[in-house]
Each structure stands twice: as structure tokens, then as C-alpha cells.
Amino acid sequence: MNATMAYKLDLNLLRILCMLVETNNVTETARRLEMGVSSVSYALNKLRAHYSDPIMIRVRNGMQPTLLAVGLHKHFSPALHIIEPVSVFTDTTGKPSQYIRIRTSSIFEGWIAWELSRSETFSSAGNVFEFNEGSANEDTRVDQLRLRQVHLDIGSALPADRAIAQHPFTLKGFKVACRRQHPRLNGPATLDSLLKESMITWVRKSESINAYKDLLNFEGAHLLEKPLRFTSLLTMLTLVARSDFFSIIPTCLENFVEEMFDIKVLETEFLENLTYPMFVHTLYASREDPVIQSVLALALSLDGL
């Protein structure tokens, strides 16, 4: 019998393999699985012997999975999450916890974090929420969801995938944001009044450095002077609050913007009926996870507001 096949892989070894790929860290794997570090190291050595592969390679900032390990994770992780749908670990206070990784643009990162920080349900549960704008490449986004490197992906539509649920919602209506003491913009904003000002705008992140897409296109938009463009909504709003620039924001973010920044939001009739399609993507296997479902419901609450 081949020495590398002298024993069979059990469910626990596969669970450790998948967690190592997700965390890139032996200590964090041990913490999440409530095991000793030595036990995880021992399991890693068994995996290495079984597959004749390093599985995890030490790099400057931790460990990196080999191509074989990534492939094994992609193969085994969906089955493990059917058997054990929630990857839960215990924090130092003994409360049940889990990491929830959210990939979204900065336009929603701030709002979701704001809502989470005000929610007793989330703050008392001991969960950890990690935000990452990540890649704009659709294939990469699909892979990150499938590998559970991301639990919720909020943004543009992804190609159909049998493992991924796509939840559409629509941003409806937009308004003008400017600093509270703006010398000219006071009251409902018209296109004529905006043509006398300089606008800064949020643009979607793109894989191509030469490509950009404005958040909105509307009649007369090409006439507005737009000397600065940002992929960071928070950078844009910080500059709006401290200059005479104005910008356009979704109506549903009005309360967040006014509370978090020294900004006023003006009614803008010609933008009221504009819409912008959005999607939340999750794994079908996550439908039993109450924390992921709660964040999903939070994002979908923006639909049509």
C-alpha cells in the first residue's frame, strides 16, 4: 500500500483543511474549531502526507494554500456546509461567534456598518463583520463566494451559478448633498442651479484603469463639471462636507449621510425617479445561517426606498 494512502481521511481532517484555507492561519483555525494548535498542526501533517503536497506554505504574513488545497476546499467545502451550515467559533468570553465577510463598494460599506453598530442584535451576538471591496472581476467574486472567502457580495449582478443565490434590489431616487453652510445651494436643487457649481462623483471600481462608470446618467449630466471622481464614497463625502463641491447620493442613504457628516441633503425633483439596480449574492447553503440572513434582510430593506 502506498505510504501516502495508509489511512483514510475522516470528516474532521476535511473540516480542518477547509478552515485552514479560509483563515490562512493555524492558530485561528484552532480557535474557530475549538481545538488545540498542536492538534491542528498534527492534522496538517497528516494532510500533507496523504496528498504528498505542502497544503499550506508559510509566507511573510502567515500561510498561503497551495493550488491543490484551494481545489480541495472548493470540492469539499459545499458538502461540509450542508452537514454543518454555520462555521461557529467561541470567543474569549464564551459567547458563540462567527466571522461574516462582506464584499461591497464603499457606497454601502459605511451604511451597513452604521446600521450594524446601532443594532443590539449584532453587537450582543459577539460576531465579527469584515468589509472588503475586493476585486471587480466577476469570476473572482464568484470564486470568493464559493470558497467562503466572502459570505455576502453586494454590488452588480454576477453570472448565474448553481451554488449562489442572487437577490435583486433597486435604489430609487437620488438627492444632492452639500455642506451645511454652502453659500449658494439652499433649498430644492435644480439642474440650472447645479450647472453653476462643481460636482464630485462616485464611480464604480473597474478592473481596467482606463474604464470608469458614473453612478448615474441623466439628461444634462454631461454638462456638469466633475473635476474629481472617487471609488470611495466616504472620501467623496468628507470633501463635500469641507468644500463647496456638491455630489449626488441615493435617497435611501440620506439619514446616514446627514448624521455622519456635516452635510445637508437637498430635494432634487429631476432625480426623484432615477433607479439603480443592485444585487446581494449569498451561497444557497447559507440560507439557514441567521446572521447572514439578517445582513441580507438589512441590505434588501433599501429596495425602492
Side-chain angles (χ1 to χ4, degrees), residues 7-35 37 39-57 59 62-90 96-104 127-132 134-135 137-154 158-167 280-293 295-296:
Y7 53 84
K8 295 181 179 179
L9 288 179
D10 60 25
L11 183 64
N12 196 48
L13 279 176
L14 296 179
R15 185 187 300 113
I16 293 169
L17 168 64
C18 290
M19 191 60 74
L20 282 168
V21 173
E22 291 174 19
T23 65
N24 296 326
N25 188 285
V26 170
T27 302
E28 183 61 16
T29 293
R31 176 170 125 90
R32 296 196 191 188
L33 296 179
E34 300 182 324
M35 299 175 63
V37 172
S39 297
V40 174
S41 297
Y42 176 74
L44 177 57
N45 288 333
K46 292 181 71 174
L47 289 163
R48 285 168 168 165
H50 182 85
Y51 286 108
S52 299
D53 185 87
I55 302 298
M56 302 296 294
I57 300 172
V59 293
M63 304 185 79
Q64 178 177 307
T66 63
L67 290 176
L68 175 64
V70 171
L72 292 170
H73 180 280
K74 188 172 184 178
H75 180 76
F76 289 122
S77 182
L80 285 173
H81 279 264
I82 291 173
I83 300 169
E84 304 169 315
V86 182
S87 296
V88 176
F89 63 94
T90 300
S97 307
Q98 69 183 113
Y99 278 97
I100 300 296
R101 299 182 184 89
I102 303 170
R103 178 221 169 265
T104 188
N127 299 302
V128 177
F129 297 90
E130 180 179 294
F131 291 87
N132 192 329
S135 173
N137 180 270
E138 292 180 349
D139 292 336
T140 300
R141 291 167 59 195
V142 168
D143 285 344
Q144 288 176 337
L145 280 164
R146 278 185 157 272
L147 293 173
R148 284 181 172 76
Q149 296 171 343
V150 169
H151 298 95
L152 297 106
D153 180 298
I154 306 172
L158 289 175
D161 187 288
R162 60 185 176 84
I164 297 173
Q166 187 176 81
H167 309 272
V280 186
H281 303 88
T282 62
L283 287 178
Y284 283 111
S286 299
R287 60 186 177 272
E288 301 299 327
D289 186 322
V291 181
I292 291 177
Q293 292 302 309
V295 181
L296 171 62

A.B. asks: Determine whether D143 and V70 make a side-chain contact, defined as any pair of heavy atoms from C-beta on separated by less than 4.5 Å.
C.D. replies: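 Answer no - side chains too far apart.
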A.B. asks: Test L152 against every option in L283, T104, L145, I292 by the side chain to side chain contact (heavy atoms under 4.5 Å, CB included) rule and name the one that passes.
C.D. replies: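 Result for side chain to side chain contact (heavy atoms under 4.5 Å, CB included) with L152: I292.
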A.B. asks: Please step through salt bridge (Lys or Arg N to Asp or Glu O under 4.0 Å) for the pair E28 and R31, ending with a clear verdict.
C.D. replies: CA-CA 5 Å; E28 183 61 16; R31 176 170 125 90; 3.5 Å; yes
A.B. asks: Quick check: does any side chain N or O of S286 sit under 3.5 Å from a backbone N or O of T282, one acting as donor and the other as acceptor?
C.D. replies: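 Such a contact is absent between S286 side chain and T282 backbone.
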A.B. asks: For Y284 and D161, which heavy atoms make the closest approach, and how far apart are they?
C.D. replies: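 In terms of heavy atoms, the two residues are closest at CE1-O, 4.4 Å.
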A.B. asks: Below 4.5 Å, heavy atoms only, C-beta onward: do I102 and N132 meet side chain to side chain?
C.D. replies: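 A side-chain contact is absent here, since even the closest heavy-atom pair is not under 4.5 Å.
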A.B. asks: Between H281 (side chain) and D153 (backbone), is there a donor-acceptor pair under 3.5 Å?
C.D. replies: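 Here the side-chain-to-backbone pair exists.
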A.B. asks: Under 3.5 Å, is there a donor-acceptor pair between the side chain of H151 and the main chain of R101?
C.D. replies: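 Here the side-chain-to-backbone pair exists.
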A.B. asks: Within a strict 4.5 Å, meaning less than it, do heavy atoms of the H73 and P65 side chains meet?
C.D. replies: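 Contact flag for H73/P65 side chains = no.
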A.B. asks: Taking the side chain from Q166 and the backbone from A160, do they hold a donor-acceptor pair closer than 3.5 Å?
C.D. replies: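 Checked: no pair found.
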A.B. asks: Where the side chain of R32 meets the backbone of T29, is there a donor-acceptor pair that is under 3.5 Å apart?
C.D. replies: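 Pair absent, no side-chain N/O of R32 close to backbone of T29.
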A.B. asks: Testing the basics here: between V291 and D289, what is the closest heavy-atom pair and its distance to 0.1 Å?
C.D. replies: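 Shortest heavy-atom separation between V291 and D289 comes out as N-OD1, 3.0 Å.
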A.B. asks: Check for a donor-acceptor pair, side chain of R48 on one end and backbone N or O of M56 on the other, with a separation under 3.5 Å.
C.D. replies: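 Confirmed, R48 side chain pairs with M56 backbone.
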A.B. asks: Out of curiosity, L20 CG to N25 CG, how far, rounded to the nearest 0.5 Å?
C.D. replies: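 Interatomic distance, L20 CG to N25 CG, rounded to 0.5 Å: 9.0 Å.
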A.B. asks: At their closest point, which heavy atom of L68 faces which heavy atom of Y51, and how far apart are they?
C.D. replies: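 Looking at all heavy atoms of both residues, the closest pair is CD2-CB, 3.8 Å.
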A.B. asks: Name the residue from M19, E22, R15 that meets the side chain to side chain contact (heavy atoms under 4.5 Å, CB included) definition with S77.
C.D. replies: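 That would be E22; it is the only one of M19, E22, R15 passing the side chain to side chain contact (heavy atoms under 4.5 Å, CB included) with S77.
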A.B. asks: Atom OG in S41, atom CD1 in I16: separation rounded to 0.5 Å?
C.D. replies: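 Rounded to the nearest 0.5 Å, the OG-CD1 separation comes to 10.0 Å.
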A.B. asks: State, to 0.1 Å, how close P54 and I57 come at their nearest heavy-atom pair, and which atoms those are.
C.D. replies: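 Heavy atoms only, the tightest pair is CB-CG1, 4.1 Å.
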A.B. asks: Of I55, L17, L13, which meets side chain to side chain contact (heavy atoms under 4.5 Å, CB included) against K46?
C.D. replies: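 That would be L13.
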A.B. asks: Tell me, do Q64 and N24 make a side-chain contact under 4.5 Å, heavy atoms counted?
C.D. replies: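 Result no, sub-4.5 Å side-chain heavy-atom pair not found.
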